[in-house]
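To start, the structure itself, in structure tokens.
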Amino acid sequence: MTDIIQKINKQIIDTVEQAVRKAIENKILPEVGIPSVSVEKPREKSHGDFSCNVAMILAKKAHMAPRKIAAVILENIPTDSGYIEKVEIAGPGFINFFVNDKWLYETVEMIHTLGSDYGKLDYGKGKKVMVEYVSANPTGPLHMGNARGGALGDLIANVLIKAGYDVTKEFYVNDTGNQIEKFALSLELRYLQQINGEDSVEFPEDCYQGIDIINHAKNYIAANLEDLAEKDSAYRKRVMVEYALPINIENIRKGLKRYGIEFDNWFSELSLHKSGELDETIELIKQNGNAIEKDGALWLIGKAMDSEKDEVLVKSDGSKTYFAADLAYHRNKFLKRKFDRVINLLGTDHHAHALRMKNAMPAIGISKDKLDLVLFQLVRLMRNGETIRMSKRTGKAVSLDDLLDEIGVDAARFFFNMKASGSHLDFDLDLAVRQSNENPVFYVQYAHARICSMLRILKQEGIDVDAVDYSSLDMLVEEEEKELMRKLAAYPQEILISSRTLEPGRLTRYVMEVAGAFHSFYNACRVKGVETGLMNARIALVQATVSVIRNVLDVLSIDAPEKM
RNA sequence: GUGCCUGUAGCUCAGCUGGAUAGAGCAACGGACUUCUAAUCCGUAGGCCGAAGGUUCGAAUCCUUUCAGGCAUACCA
């Protein structure tokens, strides 16, 4: 058991359940059965360390006043066991538990013993889970939406690793389909413009307007590769795509690496076409009777995915839809590669598609609830209070690299994970730099650097700060010290809740609270210059703090600087 | 039109499997550096939790209605 809070929780629940059972046996309470007891941490400190509302839940069934029930339960609770020090009844019928400080000192010791494994859980039980995120279109550079999805997806993956899952991080490369056709046309036209002059061909509005396409054309020519001017269009397009696509993918890979994200696997959409898995999947759907021919196209019937509307799998021109490929992709994930669970991160603009995809899982023999969708709102980019459209088409998109140049990797990753994924997010570029100075990531990093500096100085004075001495931990009695220990103890719970809800943004808030508790401690308590026992105890506490901060920042893939 | 998301302090947001007096950061105001990093700390002020009904011991949280904003509703991906 690496989570002391959970241990105490369990102890209280067991104790309360026993008390209720005993009261029923002794006929003090009527036959109400044992309700599911829950324990929570009260907001208000005077309400104890843990609180239980079982008396209020029982009130109706037992036809008794909640406070009276609480009194009965209280009589049957032994007060001299384990961590529980005092129990009292409060408010409408809460049973409040006060625990002794032993658990806080145990926490400090445990953090040091476990080191970077503190917070690691067996919640996931080693189940194979894939997190698929970013999966940006390889037709252009990464943009702000990818920045948010990337920060969120990477954090979810890291949290799940911490929670005990066997995690694979995957990027789905959409290297075929209409957008690649458009990419090809855009490249071809820019190439011809380079050769024959700007006005030689018209560049349509729905082609990719970005400067990167022009650069591809220029670079291709500069590299003295095959002259394509006289070749036929199809050939020209193919060669240009074969030239530019790998460059784009490589740039995406590099950009993400700079952002702290490295995928375990890059999965090609085209490979599904080539391997025959796509045809196989469509064939399977047909055999199951879930497909019909209509208007010269092949449709997945709506009934098979809990929908009013049918969905096209094979278009009337014989080509397969993205939807069909996505089905094949998920069949690959679950059946070929045997993932127990798959988590897809998507911008809300893909919400409808993703939901239909999830609902269509049974049509290819997969249980719906194995697929989790995490949707995040797109980032709305502002400049001078005006919205900038983020499409690649306009070419005005702000790239991930631009963002990182302006505010830095740490600030960006922290910032995007401070808000719940469902929240709308306006990002004002003019405020970007100022925001980064105000970004709480520096508050956290400062706490880390401050501790490192402290330890350095103590070391210089000949104190062995690494030989942590726990013998006097019970000298930590100041409220600031206890508050800090309480925060440190909460880490495993934070990991547990984050992995359960797939909303890991709370970790940024958590680490801010740890940093805040440390800063308060720092201002209230001195380490250097106090008597040896107390100093050793405080060194142990500070060591535990720096360990936890580094631990969380590591999960967030944010640097923990030793100096600032 | 329909579906999903969002609406909480001046600003950015937590809290939403119902719990006790609704929280934090920024901004504002007042304090704290001869002593381990003041990128810090301590304090003050700031709220009809979009609106209206309902459910119950209890609602920011659940239900209904409504208003405002975002996204989606392709033989695009």
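On the C1' atoms, B:A22 is 11 Å away from B:A9, given to the nearest whole Å. A distance of about 14 Å separates the P atoms of B:G23 and B:A45, rounded to the whole Å.
With hydrogens and angles left out, the side chain of A:T321 and the base of B:A77 share no donor-acceptor pair within 3.5 Å. Side-chain atoms of A:S316 and base atoms of B:C75 include a donor and an acceptor less than 3.5 Å apart. One can find a donor-acceptor pair under 3.5 Å joining the base of B:A20 and the side-chain atoms of A:N96.
The glycosidic torsion of B:C33 lies within 90° of 0, which places this base in the syn conformation.
Residue-to-nucleotide proximity on RNA chain B shows that, of A:S46 and A:H351, the 5′-proximal contact is made by A:H351. Map A:G516 and A:Y446 each onto its nearest nucleotide of RNA chain B; the residue landing nearer the 5' end is A:Y446.
Within the 4.0 Å cut-off from OP1 or OP2 of B:U17, not a single side-chain nitrogen or oxygen of A:S38 is found. Side-chain nitrogen and oxygen atoms of A:K320 include none within less than 4.0 Å of the OP1 or OP2 phosphate oxygen of B:C75. For A:K419, no side-chain nitrogen or oxygen approaches OP1 or OP2 of B:C5 to under 4.0 Å. At the phosphate of B:A38, OP1 or OP2 sits under 4.0 Å from a side-chain N or O atom of A:R450.
A donor-acceptor pair is defined here as one N or O able to donate and one able to accept, closer than 3.5 Å; such a pair exists between the side chain of A:R413 and the backbone of A:L556.
Comparing B:G70, B:U37, B:G19 against the side chain of A:E40 picks out B:G19 as the nearest. Residue A:A420 places its side chain closer to B:A14 than to any other of B:A14, B:A74, B:A77.
Electrostatic pairing of A:R509 and A:E513 does not count as a salt bridge here, judged by no charged N lying under 4.0 Å from a carboxylate O.
A donor-acceptor contact closer than 3.5 angstrom links the side chains of A:E269 and A:N174.
The nucleotide B:C62 finds its pairing partner in B:G54, both defining distances of the Watson-Crick or G-U wobble pair being shorter than 3.5 Å.
Note on ring orientation: taking the six-membered ring where Trp is involved, the planes of A:F518 and A:Y522 are tilted (angle from 30° to 60°).
Within the 4.5 Å cutoff, no side-chain heavy atoms of A:L476 are placed close to those of A:L484.
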